[in-house]
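Here the structure comes first, spelled out in structure tokens, and everything after it is commentary.
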Amino acid sequence: MEELLELYQTMGISPAVYAYGEKALEGLKDRFAAIDRVAEYNQAKVLRAMQKNRVSAACFVPTSGYGYDDLGRDTLERVYADVFHTESALVRPQITCGTHALTVALSANLLPGDELLSPVGLPYDTLQEVIGIRESPCSLAEYGVVYRQVDLLPDGSFDYEGIRKAINPKTKLITIQRSKGYATRPTFSTSQIGELIAFCKSIKPDVLVMVDNCYGEFVETMEPSDVGADMTVGSLIKNPGGGLAPIGGYICGTRECVDRCAYRLSAPGLGKEVGANLGLMTSLYQGFFLAPTVTASAEKGAVFAANLYEPLGFRCVPNATESRHDIIQAVELGSEEGMIAFCKGIQAAAPVDSFATPYPSDMPGYSDKVIMAAGAFVQGSSIELSADGPIRPPYAVYFQGGLTWCSAKLGILMSLQKMVDAGLVSL
Ligand SMILES: *Cc1c(COP(=O)(O)O)cnc(C)c1O
């Protein structure tokens, strides 16, 4: 591949970095083949759902105003429901992000006096204000919903005894976050989540379970809804939007739960009947169609990065060999300079804003400076190659995404190149 190497050199990748990358890749054939098999299964699952629901050009027609009898929207929701094997789904551009989808799911199904339990420790940052763990106007706490939490055991496993004690007659809803997000705990597999749900329901059969599925969609052949979750929730600018959805969120679940979510999102009595599609249907359908292979590309990028950086002495979470249940990769770079160099590489390899230079800066809600690299078609999209992290020990960069494996590979090679150029790594 002389030709490729020459082109890469004009883009700033040295022969040494390229060769180091190729060596790492040689050992990854089986891993990549396994990722492709999951993608093939999920692709067929999505296709079958689109065929069964007779997706047609009429589904792509834009609607405005109330959006009554919106064929594209209603069909898309049936496609999602079939892929997630649920009775119903709410998939809307009016759901502005993942946090919004989770907020709708929680506030629609919790009433004053009810208790919410997280058996997997502290939830994702933005949910803390939603729940009222950090005080906020309009939090669930303000509406009289009590929050309880059972932390994971030191080895990252579920504290079944603690959970048994925490579940009581008032426990209405249990929230389980699949991905580690920006924490250091492990991400849970679908089957681990299934075990936890079965345990909780054995103690209280009528308790509702919601799974925050962000970053987990299509990484496995099963979703949390296949193992007992009453609601499975996520963002369309992550995995299921396939990089094409410009906005949106989804809630897949039982008819009873999803109908309540629709009432909460629009208005009691209106529910799913309103909500025009605003001309976004083509990107939501096509994005969902692409999502299995896009997710596979992002996962390959994450595996590649761990196998590039771990042998150089940088701790990677997940590590180079362990199994994966989401697309996030953390690399502990050990210094601020390392984080800057890594992010510069990701930025330089992006299709958009490649000329920008990321640098650490203050961010609302964070006590440390934060650095972010992203050159995305959809602003803030984290299914596109992106990296960020707070400037504090262990100086970990969290990165995720990559719409195509080849672009993810180039971004990761470029990150290593910038580390080499800065004298932080020698190959
Ligand atoms: C991204 C994410 C969210 C919130 O999604 P936004 O779209 O950023 O609001 C919630 N939970 C987890 C685990 C996430 O990764």
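All values reported here derive from a predicted model rather than from experimental measurement. First listed ligand is number 1; within each ligand, the first listed atom is number 1.
The pair E332-R315 meets the salt-bridge criterion, since a charged nitrogen lies less than 4.0 angstrom from a carboxylate oxygen. Residues R178 and E220 are paired through a salt bridge, judged by an N-O separation under 4.0 Å between the basic side chain and the carboxylate.
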**Request:** Go through R392 and E336 one step at a time and tell me if the salt bridge (Lys or Arg N to Asp or Glu O under 4.0 Å) criterion holds.
**Result:** CA-CA 8 Å; R392 60 166 182 247; E336 177 169 355; over 6 Å; no

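Contacts between Q177 and ligand 1, counted as non-hydrogen atom pairs separated by less than 4.0 Å, involve the side chain only. Contact annotation: for K238 versus ligand 1, heavy atoms closer than 4.0 Å belong to the side chain alone. Both the backbone and the side chain of T99 come within contact range of ligand 1, each with a heavy atom under 4.0 Å. When heavy-atom distances to ligand 1 are checked against a 4.0 Å cut-off, L102 comes that close only through its side chain, counted from C-beta outward.
Of the possible donor and acceptor atoms, one in the side chain of T75 sits under 3.5 Å from a partner among the backbone N and O of L71. When atom types are taken as modelled, the side chain of T86 and the backbone of D82 share no donor-acceptor pair closer than 3.5 angstrom.
For T126, no nitrogen or oxygen atom sits less than 3.5 Å from a nitrogen or oxygen atom of ligand 1, counting backbone and side chain alike.
Closest to atom 7 (O) of ligand 1 among all protein heavy atoms lies G98 N, 2.8 Å. For atom 11 (N) of ligand 1, the nearest protein heavy atom (residue, atom name, distance) is D212 OD2, 2.6 Å.
Only one option out of D230, L116, I167, V211 pairs with I174 in a side chain to side chain contact (heavy atoms under 4.5 Å, CB included); it is I167.
Annotation for ligand 1: atoms under 4.0 Å from non-hydrogen atoms of Y215 are 15 (O).
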